[in-house]
Amino acid sequence: MNPVSTLNYFMPTRILAGKDSVYNERSFLAQLGQKALVVTGKKSARINGAYDDAVKALTANGQDYVLYDRVMANPTDTCVYEAGALARKEGCDFVLAIGGGSPMDAAKAAAVLGIKDIPKEDLFGTSFTSALPLAAVPTTAGTGSETTPYSVLVDTTGPDGKTPKEGGPAKRSIGSPLLFPRFAFLDAKYMAGLNRETTVNTAIDALSHAVEGFLSRRANYVSDILAKESICLIMDNVEPLLAFTVDSAAAVFPAEAREKLLLASAIAGMVIAQTGTALPHSMGYLFTINWNTDHGRANGLLLKSFLFWCREREAAASISPRIPELCAALGMELEPFFAILEKLLGQREKASEAELQDWGSQPMKNGANTYIQPTQEEILRIYRESVG
Ligand SMILES: [Fe+2]
């Protein structure tokens, strides 16, 4: 465990977990303002009941609201400027995000733009000093965005905000303490209808957050405690994850396991809020933009080779070992963990030699955030072992 000699820990999100928490704990929503910009994706928040619960809670509080339901997977700059403009036009004084990572991330940027229209580079460069207060209702258990100060968006336009971006769209991350949700309402009932693919991929994303946070240079005493607890919670639910097949009805997955995975995801969010993510998240991004691979799966494809490399480097150099403690949290050595991961991932994608060479030559932003600094050769090796 990291020593307590220095510590800087900040987590201002109040977590309200439990069945019907949006309605039962609506007095917290009442603190946020008079009129909400409710930010959702196109359909799922209505199907899973979260939107109806939010409307019931707002109405009971006597709060007005306006709906922005045009957030797509991998939300764009155009989308958040549209949502922000709607908030200003409608006089919204707070934001309520409902959905997976995409609506929550979009809502955070909309909270900034809901105060005033600012140039795109000021948004991405975090040159803003205020944001509308935000509450989040996650409807998947993976992103952890409900407890982080991050918004990951796709930048699609040039400096004028209209013409297509030179060199094509790029994912960009905004991180500011102003983006922490004030409240996160965790209610696993919204996940009851999630299929095997989403359930498994989001669980792997949460696990990646906890593992990468534990192996971050910025890990600290508190983030380690949270990371290990999140890993334990996810590993406690490996059995139902393995038993959940593509042919299983969503209802077969135990409600209690969904509750634990949702909490584990929020805790893993609290970890990366402190530590950021590490190498797998940077590397997996290239699977997502080139192959449209699900974000959680992309991280999962890299975890085995990444952890193997960590263990090898720890053994070869005078690096304070982290892997034995990670294995204690996993409840097993790396090899049986890798076997579980393979079962969850199934058939791996295969990259061409040209793709491997291209990706292996690219700088990895979060490589620097990893507790061991990877060489470009090692990055290529991890890609090759993962999808070669
Ligand atoms: Fe992630």
Side-chain angles (χ1 to χ4, degrees), residues 13 41 71-75 97 99-109 136 138-154 170-175 179-181 184 186 191 194 197-216 218-219 223 226-227 230-231 233-234 241 261-307 326 341 344-345 364-370 382 386:
T13 306
V71 180
M72 66 292 279
N74 302 314
S102 298
M104 287 193 278
D105 284 9
K108 290 174 179 176
T139 60
T140 61
T143 161
S145 186
E146 66 275 14
T147 51
T148 76
Y150 309 126
S151 166
V152 181
L153 303 172
V154 181
K171 261 197 173 181
R172 295 177 75 178
S173 180
I174 310 168
L179 301 185
F180 269 115
L186 310 185
M191 278 141 243
L194 292 183
E197 193 186 359
T198 306
T199 304
V200 168
N201 288 343
T202 48
I204 293 176
D205 189 26
L207 182 63
S208 303
H209 294 158
V211 168
E212 291 177 42
F214 187 75
L215 299 176
S216 165
R218 289 156 56 196
S223 70
L226 295 169
S230 176
I231 291 167
L233 267 173
I234 295 166
L241 285 168
L261 290 172
L262 179 58
L263 185 58
S265 168
I267 295 173
M270 292 158 68
V271 174
I272 57 168
Q274 312 302 316
T275 64
T277 52
L279 192 58
H281 263 67
S282 281
M283 293 180 68
Y285 160 62
L286 290 177
F287 298 158
T288 303
I289 54 164
N290 287 286
W291 293 342
N292 207 21
T293 307
D294 172 89
H295 168 72
R297 178 177 175 81
N299 301 323
L301 289 168
L302 292 154
L303 269 186
K304 176 180 173 181
S305 178
F306 169 69
L307 291 174
L326 177 71
L341 206 50
L344 292 175
L345 291 169
M364 292 295 150
K365 187 170 154 249
N366 292 356
N369 203 31
T370 309
I382 294 170
S386 301

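Counting starts at 1 for both ligands and their atoms, in listed order.
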So which of the N, O or S atoms of Asp205 lies nearest the Fe ion (ligand 1)?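 Per the distance ranking, Asp205 contributes OD1 as its closest N/O/S atom to the Fe ion (ligand 1).
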Closest to the Fe ion (ligand 1), which N/O/S atom of His281 is it?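 Considering only N, O and S atoms, His281 comes nearest to the Fe ion (ligand 1) through NE2.
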Are the side chain of Asn369 and the backbone of Thr277 linked by a donor-acceptor contact shorter than 3.5 Å?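 A pair under 3.5 Å: yes.
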What are the two closest non-hydrogen atoms of Ser230 and Ile267, and how far apart are they?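 Residues Ser230 and Ile267, closest heavy atoms: CB-CG2, 4.0 Å.
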Angle, NE2 of His295 through the Fe ion (ligand 1) to NE2 of His209 - 10° precision: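 That angle is 170°.
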Take Lys108 and Ser145 through the side-chain hydrogen bond (donor to acceptor under 3.5 Å, both in side chains) test and state the conclusion after the steps. CA-CA 10 Å; Lys108 290 174 179 176; Ser145 186; 2.9 Å; yes
Quick check: are there more than 12 heavy atoms from other residues, nucleotides or ligands sitting under 6.0 Å from NZ of Lys171?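 More than 12 within 6.0 Å, yes.
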